[in-house]
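The figures that follow rest on heavy atoms only: side chains count, while hydrogens, waters and symmetry mates do not.
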Protein chains: 2
Amino acid sequence: MKENNRRSGCPVSSSLDIWGDKWSLLIVRDLMYSKERTYGELLRSEEKIATNILASRLSTLEAAGIISKLEHPESKAKVLYRLTDKGIDLLPVMIEIYLWGDKYFELSETHKAFLAEVKKDKAAFLERVVAKLRQP
Amino acid sequence: MKENNRRSGCPVSSSLDIWGDKWSLLIVRDLMYSKERTYGELLRSEEKIATNILASRLSTLEAAGIISKLEHPESKAKVLYRLTDKGIDLLPVMIEIYLWGDKYFELSETHKAFLAEVKKDKAAFLERVVAKLRQP
DNA sequence: ATTTCCACTTGCATTTTGCAAGTAATTTTA
DNA sequence: TAAAATTACTTGCAAAATGCAAGTGGAAAT
């Protein structure tokens, strides 16, 4: 499962080739908040992604090994999406984006509370979330 | 200079609204490597951005307060671009992207050497680069 | 004075995005 | 148990963004 068609050998450029668009990291964000989500749950998230774009991004992210599909334990009509270890490894990137956003945007109380926790002890926060995401 | 038209109140989404595309962070990367670059230098960088896209991204990044334009000390025909403090604050995001890329892509010796330095002492590396970028 | 350099802009074809409406397989409801 | 609703998508088409190549206008070099 190799990544090719890279614009250059730069890891930033190669990363952006996979998830450098307006939507992919929002899907990753949602899967960091809740560990597992159905297609419909992802579709209903705040930013209102179009259904064809969601399908397209899920497919790209799965092909890149960042997310994986699972059977829903209660219904064959539903599908669960979840971060792989490679996807979970994006958490530090996500945290730094949050911290940058914290500095330069007006945030809701919910986000402020979330970020207070991150800032209190970044490493501990990371470990806690990673542990949650990895649990079966 | 307020940011509006945000898709949602989420700082990740708002960040992506500004620099969530395949090119913006590559411009930021170039400006982290060399502190100041002319339009032509940015144009000639490895990933071969199209000239109209470069102009468009520079304009968006400037409007967002991430980069600024400076007079070239030796020529009125040239323009220098440089990161603002807001742009320099993207360095932690960039570092984490590099580290993710280090784990999941094949890197050149140059990038490996660069990342060895980052991994040896992340905080020290950050401080060193920030100091360099801030100098007049 | 003329050519070259530099930072862009413009025009147009191609690709990606976004919206709305379908579809096929389940699951729920009457 | 047949019909209706849910779920995860796909399809078709218009609108927007991207990419390429060829300008353009001012500054610098020859």
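Applying the 4.0 Å criterion to OP1 and OP2 of C/dC8, one finds that B/Lys78 has every side-chain N and O outside that range.
Taking atom CG of A/Leu54 as the reference point, atom P of C/dC19 lies 14 Å away to the nearest angstrom. Going from atom CD of A/Glu71 over to atom P of D/dA8 covers 14 Å, rounded to whole Å. In this structure, the CG atom of A/Leu80 is 15 Å from the C1' atom of C/dT26, given to the nearest Å. Atom CG of A/Leu58 and atom P of D/dT10 are 10 Å apart (whole Å). Rounded to a whole Å, the NE2 atom of A/His72 is 16 Å from the C1' atom of C/dA25. Between the OH atom of B/Tyr81 and the P atom of C/dC6 there is a distance of 15 Å, rounded to whole Å.
Proximity of A/Glu47 to A/Lys22: side-chain heavy atoms (C-beta onward) are nowhere separated by under 4.5 Å. With contacts defined as side-chain heavy-atom distances shorter than 4.5 Å, the pair B/Tyr81/B/Glu36 does not qualify. Side chains of A/Arg82 and A/Lys35 form a contact here, defined as non-hydrogen atoms less than 4.5 Å apart.
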Across nucleotides 14-30 of chain D, 5' to 3', mark each nucleotide with B, S or - according to how protein heavy atoms within less than 4.0 Å reach it. ----SBB-B----SS--
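Across residues 25-45 of chain B, B/Thr38, B/Tyr39, B/Gly40 each have a non-hydrogen atom less than 4.0 Å from an atom of DNA chain C (numbered order).
Separating the OH atom in A/Tyr98 from the CG atom in A/Leu107 is a distance of 10.0 Å, to the nearest 0.5 Å.
Ion pairing between A/Arg29 and A/Glu46 fails under the 4.0 Å rule for side-chain N and carboxylate O. Salt-bridge annotation for A/Asp17 and A/Arg6: absent, with no side-chain N of the basic residue lying under 4.0 Å from a carboxylate O of the acidic one.
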N/O donor-acceptor pairs under 3.5 Å from side chains in residues 48-57 of chain A, not counting sequence neighbours:
unit_1, atom_1, unit_2, atom_2, d
A/Thr51, OG1, A/Tyr39, OH, 2.8
A/Arg57, NE, A/Asp21, OD2, 3.2

Using residues 129-136 of chain A as the side-chain source, report each donor-acceptor pair under 3.5 Å to any protein atom, sequence neighbours left out, with the distance given to one decimal.
unit_1, atom_1, unit_2, atom_2, d
A/Lys132, NZ, A/Met32, O, 3.3
A/Lys132, NZ, A/Tyr33, O, 3.0
A/Arg134, NH1, A/Asp85, OD1, 2.8

Give every donor-acceptor pair under 3.5 Å between a side-chain atom in residues 109-127 of chain B and any protein atom, sequence neighbours left out.
unit_1, atom_1, unit_2, atom_2, d
B/Glu109, OE2, B/Lys112, NZ, 3.4
B/His111, ND1, B/Ser108, OG, 3.0
B/Glu117, OE2, B/Arg128, NH1, 2.6
B/Lys119, NZ, B/Asp102, OD2, 2.7
B/Asp121, OD1, B/Ala123, N, 3.4
B/Asp121, OD1, B/Ala124, N, 3.1
B/Lys122, NZ, B/Glu96, OE2, 2.6

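Taking every heavy atom of both residues into account, B/Ser13 and B/Ser8 meet most closely at OG-OG, 3.4 Å.
Of the possible polar contacts, one joining the B/Thr84 side chain to the B/Gly65 backbone as a donor-acceptor pair under 3.5 Å is found.
DNA chain C forms stems at C:1-30 with D:1-30, each a run of 3 or more consecutive Watson-Crick or G-U wobble pairs whose two key distances fall under 3.5 Å.
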